[in-house]
Structure formats: structure tokens, C-alpha cells
Amino acid sequence: MTDNTNKSYDVIIVGGGHNGLVCAAYLAKAGKKVVVLEAENQVGGAAITGELSYGKKVSSCAQFLNQLNGKVSKDLNLTKHGLKLSASNISTIALDADGDHMRLTKNSVKGGGINETDAENYKEFMSLMHEYAATLGFLIDLPPMDIFNLDWDDKVSAMKLGWKLRFGLGAEKMSELLRMIGMNIRDVLDDEFDNEHLKGALSFDAVLGTHTGPYSPGNFLNFLYRIAAGKAGAVDIPEGGMGAVTEAMSNAAIANGAEVRTGARVKSIDVDNCAVTGVTLEDGEVLSAEIVASNANMKTTVYDMVGTRHFEADFVKRIGDIRMRGAAAKLHIALRDLPDFKGLAKDDLKNRLVIAPSQDQVERAFNHVKYGEVSTSPMMEISIPSVVDSSLTEKGHVLSATVQYAPYELKGGWTDQAKADFLETCINRIAEFAPDIREHIEHAELITPKDLEDRFGLVGGNWHHGELTLDQMLMLRPVPEASRYALPLDGMYICGAGAHPGGGVMGAAGRNAAQAILKGEEK
Amino acid sequence: MTSELKPDPLKSDHWRSAVKYSPFYNKIKEHDYVNEWHRWAEYTTPTVLEDTTIEYFAIRNSASIFDITPMSKYRIKGPDALDFMNRLLPRDMTKIRVGRVAYTVWCDDEGMVIDDGTVFRVADDEYLLCAQERQMETLRRNAVGFDIEYSEVTDEIAAISFQGPCTCKILKNMGFNDVETMKMFDVRFFDFPGGEIMISRSGYTGDLGYEIWTKNDQAEALWDAIYAGGKDYAIRPIGGNALEIARIEAGLIAAKIEFSPANETVRAGHAKSPYELGLGWLVKLDKGVAFNGRRALIKEKEKGSRYRFVKLDVEGNKAATNAYLFDKEDGKSIGYVSSAAWAPSAKTNLALGFVDMPYGEVGDIVWAEIYYQKELKWNKRWAKCTVMKDPAWNPPRKTLTPPEDF
């Protein structure tokens, strides 16, 4: 805790999620006096490592590091500040109940009865995807263009985009990209492949974290975005869980001179005469700053922290209209020992294990959630990080899985019974592939989309703080009036996943917001 | 109309016809000779009852009754009512005390006018908003985060605009004590059989006048009381045509004539800001709290507006209806006329309209290209127009307190 003599800052950052920390680090680096106020007792937001049971730890929400922004990582020297990978560039194993699993890397697919044509097409398809990702990827690191009032930087990036599309990709591939960009993943994959299992696994990447099924319009873009906003599709496991990533970010912020306070829940962002003046904490402490950047959800920021009355009504309406429906639950299991996944060696278990046997099964799993039900046969992305990271457990293992689909609003509500029932469904589902798993379970917990909202402030249970769809991306994210990180309230900024380029542990929104704040000050 | 078909405005008759009947309908109908009615919102409302000119002169020379029941009316109540109104409206609402009514516009976030109307502060925590167009959606999106309740009371309040030099005297005759002490934009409640009625000194004619707000079942009794109190004063119910002349003469704007409501305008540049409607005096940029359109209006104030609202004294006697405006005869097109009329009391040929900035400063000359018919043949004439400072009709009696006794 700071003493009471010094409560004035250049910038106050509300929320110590990864973007808040990154934003603080950049601002502190630029010489600003910054404080990060985190409500919980540890920083990290939804990128934390939590206690599970029996001394076992697990990434509480996000579990893989596949989108960490390269510039952030380098600028903040996260490696120096403690970020280590316990595994990098892991493969995806698409699980098969009979043990005939399919192994996918960035450019190859093997096993699972894949034929040569599909394997060849996969290589070609993924190479095209990476080319698209490389074409569009630079947009991640820039504030979205202000198309109503193009400044010089906007004109440059508009020209860059045009050039990259037309001359980088060439006419044929550009035309192909334009054809595909609004499509659903199912139509794309049916065009390319025959193997249902392959298509199931790939479609899962398009629907992960969304409220869509393979048939739903527009989710091909999600598939592409995973690659474009990441490190060319590489998936890593951080040592010590996701909390270690945000710890490194926090260290970087502190090393640059920022103050990071935990257990400091912001009650309100304060406004006087149409400009931000600072914040008031839940315990009544007042901190002042002419600039406040919120890493919290947009709705929380505007509705609960600042208050709607300090904004104009159409803006408030648009914030209220942002779609943020989550349909993923998180499953954590403390294991006495590794279960026996049919057809997988121990070393295979460090990889990303996906249960998505076919596009139809993914779609059928999605159908339930549309009507407020849980999937009877859910899809999953499983990680057993303890295989490569002994820091998580003294003995035994932890399994962490993202489960789709579970609705935010369950018919009948998320009662203890409903949670217990779905937990059973999930364990049964894993048991289809690892029949002995029950023998090894010490403890299991399920985090529903509603829990994600309650614990991490992910409104609607959506971990992107706003669904990543074409109408909520780039200059439309979170809404056009706030796409450049400044809200229509003097001194008020956003720096979280609700802003461009969205969620996933990237840190890009925090970096872009810091630059917007610094640029805003120059004016 | 047979007695069976005579509408009962106090019953819900929606199944019988696609229009609503004001509680004053049957009373007005008794004075209707030409059967010219039109739709105003869901209501049927008279265009003219007997003769537009005679009806117009009732406004200026005696007392006129215009049924304003179809106006959109909303009640806003709750601990946050003042804050809510202050965010909705560009005026500084802390200045509008209980017992006062204020003319205002309200804008969208882009500073474009959605509608204009009057706001009655009937209690510390309660307002009545009276609008030309329907505003439920505006209220709905503005209410988020405010501790207020709002409801539409259009069909629950029957109202008339009672305008003309003799109106105060008639109200006095009706027993509304001290009504003569009401200043312009005062609101008071008076005893009346069936419960209190609300009277405001307000109107849309640029003349002495009042608006009277009652419950539906008091409407006919009020009408009879007015006729009893004013039997010597040539009271006359009027239609919309007469009112239109009066409001143009008084230089008052009309929704969907002078401006296209911003929330139903899709084309860029087709909506207008308060500054562009000559209503900058309603905008209090530095009132210290956010209000709809504030940021855009600050910018507009810095950068300048696109259009200027002008009141024109048009040479000659041909009404400049729908005319384009030019900087000189056969010159550059700089604007258009939105409303035009021969003003019978001001005895001027008047037009309201818009010119591009920076044209149209007070005293400037612009030219109207007027097309008119003479024995069915179309003719064109160039008319020199002088930009006026004040409304053509703005008599001292509009605001004189107490009003003259007749």
C-alpha cells in the first residue's frame, strides 16, 4: 500500500489484467506516473494460475499461450522479467475414441486415417492461411483506422493494407480471401477436405470462445484471426501457468516504474465537469489522475464504473448492444496420476488435445446452447500442463479443459445440481478417450460462463469482452466512437480486450491503448 | 354521422377505426362545416373547420381553441428526474423551476435535432414532456442508469391550446383566480370539477395564449366552461391551416417542415443542429454535465455550422412556397424556403428557410425564385428577400403580465 501523501497520477489503470499491465508498462516506460488497480489479490485478470486442490495449481481461465503479441514480448522483455515456456510449438492431437488420433502441426497432418490428398490439401490450405494471416496481421499492432477522419498514419496503413492485399497476395489470392472472409467455417472446410475428423478439429478452432457452431455465418474469420493475431499459429505452454505470463508483465511494469496495487477494487471512475478526475476505491480511498484507462469490460466501465449519465445516450445504447455471449466452460481436474488415453504416450499429453470428432458433432453440441441447455456430448480443448511443468504439482497432475458448449444463461439456472450434472457429463466425455480417468481424480471443478463473469468480470461469460465478429472488429470495436481507445469522455480510455484487437492473451490492446494515450497527450 | 357511429373517445375504439378520436372530437365536430380532417399521429385532427382566414383571425383578435391532444406527451418521474432531463436536453434544466415550462430541442449524439417540444416541471422530481413526434425510444435509451420512471401519457391527457388576446379574460370569467398573474412559461394547477387541471401560459402562435391540460373525462366539461365563460368573445375552434399561418408569422419552426427528425433521417447532411435551426440560445455547452449532442455541438461551435435559419421578408405578394434561394437574381443557389405564407397581421410576405453559411446575416439580401399559378398558367418571378432579425409577429401582449382586460 502507498502512504497517503501521494495520490495523484498521470494515468490510473483500472484492472490488472494482462492488457492493463502491458498498458502500464508502456506508459511507465514513456515516463508516466502510473498505477494499476487490481481488485483481486493477484494480478492477471483471466490470465492467472489458481489453486485447485492438494497443492495443485492450474491456469484458471486462459490455458494456452498462442497469441502473445511479439512486440509486447520484445518491448517489455518478458523473458527477462520471468516468462519461461515449459513447452513451445506444441501440436494439436484430435482425439479419436478408438485411439486412431490425428496429429496436426502448423503445416502437417498425420494419422487418423487421413488420406494423401487431404494431407496435401492441409499443407496448402494452412500455408494460404498463414499467408493471409501475414497480410492482415500488421493491423493487430495498430489502432484501427479512423475512416471519418484519416490522419497520416491511417492513410499509411490503408495504403499498406491495399498494397499487401493486391500486390502482396496477388489478385488471385486476394479475390480468394475476399470470397472466404465472411464465410462459415463449415463451407470453407467442406470445400477443402474430405476427412470428417480433420474438419471437426479445424472447425473447433473457428468456434472456440464464440457463440457459434460450424454452420454459423462469419466464423471463418475467427479461425483466421487465431493465426493472424498470434505467433503464426504456434501454441506454447508457459511455465507456472498463465499466471506466470501476467506476473512477468507486472514485473515489467514495476521495473519501468509503474505502481501495481492488488486488492484495490475500484468503486467508481470519477467525473467532474465532463472530464475524468480519478477513481474512488471501494474502501473510500480517492486517487486522482486526468487520465483513466479501464481494462475492465466495456459495459462494466460505462454502466457501473463511470456511470451512463456521463456519456451521451446513443453511445450508451451502443455499448449496451455489444454482443458478448460466452458459451465455453472451464474444467479443472486434479489427478493422482496420468490417465491412460488410448493410443497416446505420456509425452503426447503435453500437446493440445482436442475432442471434436466431426463438424456435425460440433454443430450438434452447439445446438443445445442456443436453447439454454448444455451440450450432452461436449467438445473440448484439453491441456495437461503438469506433464511438462513440475511447478504446478508436487505429485500427480492437473488437467485443464475448455468445454463447449455451456450457456451463460442455463434454463433453470446454474444450480449446484446443474453444475454437478454438467461436470459429470464432461468427465464422461473425457472417459470416452481415457476410460480410467475416474480412478485418478482427486478433485474436479467446473467454471461456468456465469462463473467466468462473476470471477473474472467477463460479462456474458465471453472471454473476448465482446464477440469477435466482423461487425465488432477493427474500427467497429467496441463501437465506432471508441475504436481509438479514447471514450467520448475527456481523459477516459479503454485498454482491454473489448477494444481492438480483442481478447486472447495478446497484450496488443494494452500496447495500442498506451500509444493512443501518449499520442493524445501530444495534441 | 348517425348517433350510433358517433365515436366515444373515452372508450377504446381501435377495433372500429384506424384513427383515434380526441376527447374534444365531438365538441369540435359541432363547429365543423367543411369536413376537412387529416391524421396527426394516430388521431384525426381538423385541417379547417369553416374558413382558414376567419379561424386565423380568431387567434389574433379574439380566442381560438386548437386541440393538441395528439401531441406526444410523456411523464418522467423519480429521484433522478432533473439529472435525466439535464442529460436529455441541451438547456440548463437546473434553471427551470417547479411551476415553469420551457421550450427546448433535444439532439442525438451527433448534435442533430431529434425533435422540439416543451418541458413542464410539475414537481421537484416530475416533468411532463410534450413533443411533436413519438419519443418512447428516445426516453428508453436515455433512461439507462437513471432512477426514473417514464411513461407515455398521450392518450391520458386531453389538451387544448387556447390562444388569442381575449383568452386571459375568458379564463378569469371561468373562475380561474389569479390566472392573470401567470407570466409567460408559468404552469399552474387549478380546481376544476373532476380534479385539478393544469394551465400553462404557452403556445405556438406568438400571441397571448394558454395551454390547458385535463383528464379525458373532463374534456367536454372544460369545453363547455370555456364557451360559457367566453360567450361574448367570439371563441372559435380552429384547424391546422390557421395555426400554420400563425406559427410562420411568429417565426416558429415545425418538425418535419423545418427539420427532419434526426432519428429518422438517414441521409448525411439532411438533419439539422440547434445552431442551424436558429436555436443556439437553447444550448448551454458549459452547463458542466454531459448532454446528448454536447461533444458534436462544441465542435460545430468551433468549426462553424453548415446552414443558417433565416426569416425572410419577401418582396411582392406571391408566397415563396418551396422556392430555392439564390445569392442574387439568377445567381448561385444557396438555400431553400421551408415555410412561406402571407402574414395577415404583420402584413408581410413571409418565408422561413435555410441558406448555406456564411450567407443570410440579418439585413442581407437573398433572392427567391418563386413559381406561381395565374389562371392555371405557371409563372416565375424573382423576389428580393431581406433577412429579418425578429419575428414578423411578436406583440407586447404575448408576454405582458397581467394581460389586457377586455
Side-chain angles (χ1 to χ4, degrees), chain A residues 146-151 267-277 290 292 294 296-322 324 459 475-476 478-494 520 523, chain B residues 76 78-90 92-94 106-115 135-148 150 261-265 268-269 271 273 283-299 302-303:
Chain A
D146 181 352
I147 51 174
F148 292 99
N149 192 13
L150 292 168
D151 65 15
K267 194 176 120 212
S268 63
I269 296 170
D270 303 326
V271 176
D272 185 45
N273 199 12
C274 305
V276 159
T277 58
E290 279 180 21
V292 172
S294 175
N297 183 281
M298 272 303 282
K299 284 186 194 176
T300 312
T301 303
V302 169
Y303 280 54
D304 303 333
M305 289 177 164
V306 180
T308 52
R309 66 188 58 199
H310 298 298
F311 296 97
E312 298 178 25
D314 296 339
F315 177 77
V316 170
K317 163 91 164 61
R318 276 169 212 147
I319 295 301
D321 287 347
I322 299 170
M324 28 183 103
V459 176
M475 59 280 279
L476 303 175
V479 294
E481 297 78 4
S483 69
R484 305 267 269 201
Y485 308 94
L487 300 192
L489 167 63
D490 290 355
M492 188 67 220
Y493 287 81
I494 45 167
K523 279 180 191 163
Chain B
I76 294 120
D80 282 350
L82 169 61
D83 291 343
F84 172 83
M85 298 311 278
N86 220 10
R87 205 272 294 254
L88 173 68
L89 308 172
D92 183 355
M93 293 307 291
T94 60
W106 47 99
C107 301
D108 64 8
D109 280 17
E110 290 168 22
M112 295 295 131
V113 172
I114 292 173
D115 202 357
Q135 300 300 332
M136 271 311 257
E137 168 58 19
T138 303
L139 296 177
R140 190 179 71 84
R141 66 173 60 184
N142 273 275
V144 176
F146 287 88
D147 187 4
I148 56 144
Y150 61 94
N263 57 345
E264 48 185 88
T265 302
S273 77
V283 182
K284 189 83 175 125
L285 289 177
D286 58 357
K287 67 178 173 174
V289 294
F291 61 90
N292 297 334
R294 175 181 162 271
R295 294 171 72 88
L297 293 172
I298 289 173
K299 266 193 203 134
E302 279 166 16
K303 285 188 176 170

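Per chain, numbering begins at 1; letters A, B, ... match sequence-line order.
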Notebook entry, point to check: For F291(B), is it the side chain, the backbone, both, or neither that has a heavy atom closer than 4.5 Å to a heavy atom of chain A?
Noted result: backbone
Checklist line | chain A contact via N263(B) - side chain, backbone, both or neither, heavy atoms under 4.5 Å | finding: neither
For [X] and [Y], which heavy atoms make the closest approach, and how far apart are they?
X       : Y       : result
C274(A) : V289(B) : SG-C, 3.3 Å
D109(B) : F315(A) : OD2-N, 2.8 Å
E312(A) : R87(B)  : C-NH1, 3.7 Å

Do the non-hydrogen side-chain atoms of [X] and [Y] ever get within less than 4.5 Å of each other?
X       : Y       : answer
D314(A) : R141(B) : yes
D83(B)  : R309(A) : yes
D490(A) : R295(B) : yes

Note to self: Tell me if a side-chain donor or acceptor on N142(B) pairs with a main-chain N or O of A313(A) at a distance below 3.5 Å.
What the structure shows: no
Item checked: Residues, nucleotides or ligands: over 12 heavy atoms within 6.0 Å of E481(A) CD -> yes
